[in-house]
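In what follows, every chain begins at residue 1, and chains take the letters A, B, ... in the order their sequences are listed.
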Protein chains: 2
Amino acid sequence: MDTPRERIIDTASLLFHQQGYNSTGINQIISEANVAKASFYQHFKSKDDLCVAFLNARHGYWFSELITYVSKSKSTKKRILKAFDFIVYMNEKEGFRGCSFLNILSEISKEQGTILSVIQAHKNDLRKFFEKELGEELLSAHIYLLFESSIIESQLFKSNELVKKSKKIVNSLI
Amino acid sequence: MDTPRERIIDTASLLFHQQGYNSTGINQIISEANVAKASFYQHFKSKDDLCVAFLNARHGYWFSELITYVSKSKSTKKRILKAFDFIVYMNEKEGFRGCSFLNILSEISKEQGTILSVIQAHKNDLRKFFEKELGEELLSAHIYLLFESSIIESQLFKSNELVKKSKKIVNSLI
DNA sequence: AAGTAAATAGACAGACTTGTCTGTTCATTT
DNA sequence: AAATGAACAGACAAGTCTGTCTATTTACTT
């Protein structure tokens with residue numbers, strides 16, 4: 001088995017994603033991760049601290065999955081279209097639970113500025129991904145916006161309908 | 001002063017919007033609405049029941065504000081562009097707190113199906129709004145998607161930058 | 001083999017949550 | 001003037017939450 005720290009982050013990832021951040025308690029996390037409470041607070045100084053660690057882990061995981069998924073395609077256009085297939089792939093894999101980062105964005109208050117900046121950094125990296133692929137400023141923003149709403153709308157309607165429409169739109173744009 | 005029911009919904013609107021749904025307790029709502037707890041449970045059978053009532057009230061308010069805002073313009077194109085100005089207007093008015101419906105979407109579990117369907121109904125009405133204005137299926141979905149991400153991205157970055165970019169994009173589309 | 005660091009279990013504090021309940025006061029209507 | 005319904009205050013149950021604490025056991029290193 002993994003180290004306590006890894007078990008905590010893995011369990012928290014699952015639970016935050018399934019139930020939301022505020023609806024998931026420390027007690028459930030440590031119980032399902034088979035970790036003592038004192039061990040938890042040895043590794044994380046607070047729940048918000050765990051949240052930041054979770055988001056960083058999620059950032060790494062999600063991006064490496066995306067890059068692996070799209071890099072099979074050779075042309076820019078194909079890679080961009082593949083990114084929208086990636087949403088479908090993740091929706092099916094994770095049950096239409098949307099974006100971890102945007103979900104937590106809805107749950108935090110003004111005081112949790114550290115968490116907000118981690119979320120912003122993640123989305124800035126996503127914007128950069130499209131910018132690097134496409135070069136053009138306005139076009140890459142356009143695709144980024146369609147990408148973002150594709151994730152949210154599939155979470156809302158538990159359906160890939162609008163992801164596929166987005167892909168069709170993007171196909172006509174580039 | 002208003003009736004207790006109205007005071008409860010008004011207060012809940014404010015607090016849900018500012019702090020989120022799960023972070024706002026019944027006790028705070030009744031205290032700030034100057035209503036007794038027994039009176040609260042005479043009007044709403046649960047917190048989720050209040051949530052539905054709040055979303056319905058918000059739906060009515062938000063749409064009437066949108067229609068008032070855009071109907072000053074005469075052509076379809078101008079009305080669509082005005083809809084994006086409406087986001088900027090609401091962001092400034094409400095402090096970049098995003099969409100009440102999507103915020104609550106991130107907080108609810110699978111068991112809260114009633115709430116989910118109220119959120120879906122709201123967004124379906126928004127889709128219909130664009131469809132009626134534009135006729136074309138794919139184009140109206142396109143604008144709807146840009147509209148949705150404009151709201152979310154401005155909440156995320158506490159800025160109207162991407163709303164304005166969206167407006168520029170939409171201007172070139174129609 | 002002794003010592004150190006990290007894990008364990010789980011009690012506890014203090015504050016919070018939703019929802020129920022009793023009993024009182026007020027305003028309107030008959 | 002009596003009666004009815006709706007509001008009031010607030011105690012209470014039963015459970016949740018985060019975070020701290022003590023005390024014990026395991027595992028690794030010197």
Taking N or O atoms only and anything under 3.5 Å, show me the protein contacts with nucleotides 8-12 of chain C, one pair per line.
unit_1	atom_1	unit_2	atom_2	d
dT8(C)	OP1	N34(A)	O	3.1
dT8(C)	OP2	A36(A)	N	3.2
dT8(C)	OP2	S39(A)	OG	2.8

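- K47(A) places its NZ atom 8 Å from the C1' atom of dC17(D), with the value rounded to the nearest Å.
- A donor-acceptor pair under 3.5 Å is formed between the side chain of Q120(A) and the backbone N or O of L156(B).
- In this structure, R7(A) does not pair ionically with D10(A), as no charged nitrogen and carboxylate oxygen lie closer than 4.0 Å.
- A cation-pi arrangement, defined by a distance under 6.0 Å to the six-membered ring centre and an angle within 45 degrees of its axis, is present between K47(B) and Y21(B).
- Within residues 20-32 of chain A, the residues having any heavy atom closer than 4.0 Å to DNA chain D are, in order of number, T24(A), G25(A), I26(A), N27(A).
- Rounding to the nearest 0.5 Å gives a distance of 10.5 Å between CD of E148(B) and CG of L146(B).
- Look at R127(A) and E161(B) and you find a salt bridge, because one of the NZ, NE, NH1 or NH2 atoms lies within 4.0 Å of a carboxylate O, short of that distance.
- The interatomic distance linking F44(A) (CZ) with dT20(D) (P) rounds to 15 Å, in whole Å.
- With hydrogens and angles ignored, the 3.5 Å screen pairs no side-chain donor or acceptor of K167(A) with any backbone N or O of A83(A).
- In summary, E94(A) and R58(A) engage in a salt bridge, as defined by a charged side-chain N under 4.0 Å from a carboxylate O.
- Separating the CD1 atom of I8(B) from the C1' atom of dA7(D) is a distance of 11 Å, rounded to the nearest angstrom.
- The nearest whole Å value for the distance from the OH atom in Y41(A) to the C1' atom in dG19(D) is 5 Å.
- Under 4.0 angstrom from either OP1 or OP2 of dA7(D) there lies at least one side-chain N or O belonging to H43(B).
- Ion pair E153(A)/K123(B) not flagged as a salt bridge, since none of the NZ, NE, NH1 or NH2 atoms sits closer than 4.0 Å to an Asp/Glu carboxylate oxygen.
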